[in-house]
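For reference, the structure discussed in these notes is given below.
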Amino acid sequence: MENEKIGRFICALRKEKGMTQKELAERLGITDKAVSKWERGLSCPDISLLPALAGLLGVSVGELLGGERSSPAAQETEAGIDMALSFAKKEADDRRRSWQTAVSLSFSLLLLVGAVVCSICDVTMNLVFTWSLYPIASSFFAWLVLFPLLWLGVRGIWPSLLALSLAILPFLAILDRLIEGVSILPVGVRMALLAIGSLWAVFALFRLLKSRWLAAALALLLMILLCVLINLSLRRLIGAVIIDEWDILVIGVLAISAAGCFAVHIWKRGRQGG
């Protein structure tokens, strides 16, 4: 009953502000499905969203949780509640940020130490850089790709993808120069382009589709297509078997997983419609 009261209040305030569910959701960084569920009384906003939601709707957090506007006598108490919730959210954000900073800096230091140790060992034994160039190049490539994700969290997904897209071909070119007698570029470039294109497509699916289950199902189907394209490319380049028993196993697992995600998506849609 309380959920329905809060939902009706959110709906009325949103309409007073002239916002659609989608506009409100975009300002909060969530999906309009979540807003729809609030307004139908199926769920309540997460506590971390309450200060921002109340601010957008022009009420206090206390009024939002009460599902109605308060009398002037109660506003002082509600102001205290708002302040406490804002402080709690800031504390949680600060702790998360501190953790991300510690992890990203530790990761950077670990790669640096590993590269330095490899260099020292290599120069000590051979008087010049030989095998250590492999871990040095690989460490730098890993840092470029993973550091944005560790530093920014979810917001770092697209910078990491961008770094991967820009760095993969130079990295393959460096490895091709380092490996004597074997050229990895003909196979490596094509495989890299297929993989990066698939990753960007998966990223776009999760950004554009409201249903995460539908996005996951389509992403799994895309992985099946990627598996087939990789095998066709290998067949053309090096004469490898198009599909072996392991490929069949992987494709089967991906297909079953995609079907499961589709089923959950359809079930959730039916539940929301009911």
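Quick caveat: nothing in here was measured; it's all calculated off a predicted structure.
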Exercise. Would you say R207 and F203 make side-chain contact, with heavy atoms under 4.5 Å?
Worked result: yes
Exercise. Among pairs that include at least one residue of residues 17-30, which meet salt bridge (charged side-chain N to carboxylate O under 4.0 Å, His left out), considering only residues two or more places apart or in two chains?
Worked result: none
Exercise. Would the number of heavy atoms belonging to other residues, nucleotides or ligands and lying under 6.0 Å from CZ of F140 be above 12?
Worked result: no
Exercise. Does V264 share a hydrophobic cluster with L209, counting links as ILVMFWY side-chain heavy atoms below 4.5 Å and allowing steps through other members?
Worked result: no
Seminar exercise, completed: L56 and M19 have their tightest heavy-atom pair at O-CE, 4.1 Å
Problem set entry | Exam field: side chain S36 to backbone D32, donor-acceptor pair closer than 3.5 Å | no
Problem set entry | side-chain contact (heavy atoms from CB on, under 4.5 Å) partners of L178, counting only residues at least two apart | L133, Y134, I174
Exercise. Which residues satisfy the salt bridge (charged side-chain N to carboxylate O under 4.0 Å, His left out) test with K15, sequence neighbours excluded?
Worked result: none
Exercise. Shared ILVMFWY cluster between L214 and L208, side chains joined below 4.5 angstrom?
Worked result: no
Exercise. Does any N or O in the side chain of D122 come within less than 3.5 Å of the main-chain N or O of T130, such that one atom is a donor and the other an acceptor?
Worked result: yes
For this session: Could you tell me which residues satisfy side-chain contact (heavy atoms from CB on, under 4.5 Å) with A167, sequence neighbours excluded, listed by chain and number?
Result: F141, L144
Exercise. Does atom CH2 of W131 have more than 12 heavy-atom neighbours from other groups under 6.0 Å away?
Worked result: yes
Exercise. Between L232, L226, N231, which is the residue that forms a side-chain contact (heavy atoms from CB on, under 4.5 Å) with V228?
Worked result: L232
Problem set entry | ILVMFWY cluster membership beyond I256 - transitive side-chain contacts under 4.5 angstrom | none
For this session: Taking the side chain as every heavy atom from C-beta outward, state whether L222 and L225 have any atom pair closer than 4.5 Å.
Result: yes
For this session: Could you walk me through whether E39 and R8 pass side chain to side chain contact (heavy atoms under 4.5 Å, CB included), step by step?
Result: CA-CA 6 Å; E39 296 186 356; R8 288 194 298 269; over 6 Å; no
For this session: Only counting residues at least two apart or in another chain, list the ones meeting side-chain contact (heavy atoms from CB on, under 4.5 Å) with C261.
Result: W213, A216, A217, L220
For this session: Using side-chain contact (heavy atoms from CB on, under 4.5 Å) as the criterion, list what pairs up with L149, not counting sequence neighbours.
Result: I157, S160
For this session: With sequence neighbours excluded, give me every ring-ring contact (aromatic ring centres under 6.0 Å, His included) pair touching residues 6-57.
Result: none
Exercise. For residues 196-206, which residue pairs qualify under side chain to side chain donor-acceptor pair (under 3.5 Å), counting only residues two or more places apart or in two chains?
Worked result: S165-W200
Exercise. Got more than 12 heavy atoms from elsewhere within 6.0 Å of CZ, R97?
Worked result: yes
Exercise. Other than V253, which residues form its hydrophobic cluster under the rule that side-chain heavy atoms must be closer than 4.5 Å?
Worked result: W246, L249
For this session: Answer yes or no: is there a donor N or O on one side and an acceptor on the other, between the side chain of R212 and the main chain of F206, under 3.5 Å?
Result: yes
Donor-acceptor contacts under 3.5 Å from residues 104-121 side chains, at least two apart:
| from | atom 1 | to | atom 2 | distance (Å) |
| --- | --- | --- | --- | --- |
| S104 | OG | Q100 | O | 2.9 |
| S104 | OG | T101 | O | 3.0 |
| S106 | OG | A102 | O | 2.7 |
| S108 | OG | S104 | O | 2.9 |
| S108 | OG | W143 | NE1 | 2.8 |
| S119 | OG | A115 | O | 2.8 |

Exercise. In the single-linkage hydrophobic clustering (I, L, V, M, F, W, Y; side-chain heavy atoms under 4.5 Å), do F171 and I179 co-cluster?
Worked result: yes
Under 3.5 Å, sequence neighbours excluded: what are the donor-acceptor pairs made by side chains of residues 181-194?
| from | atom 1 | to | atom 2 | distance (Å) |
| --- | --- | --- | --- | --- |
| S183 | OG | D176 | OD1 | 3.2 |

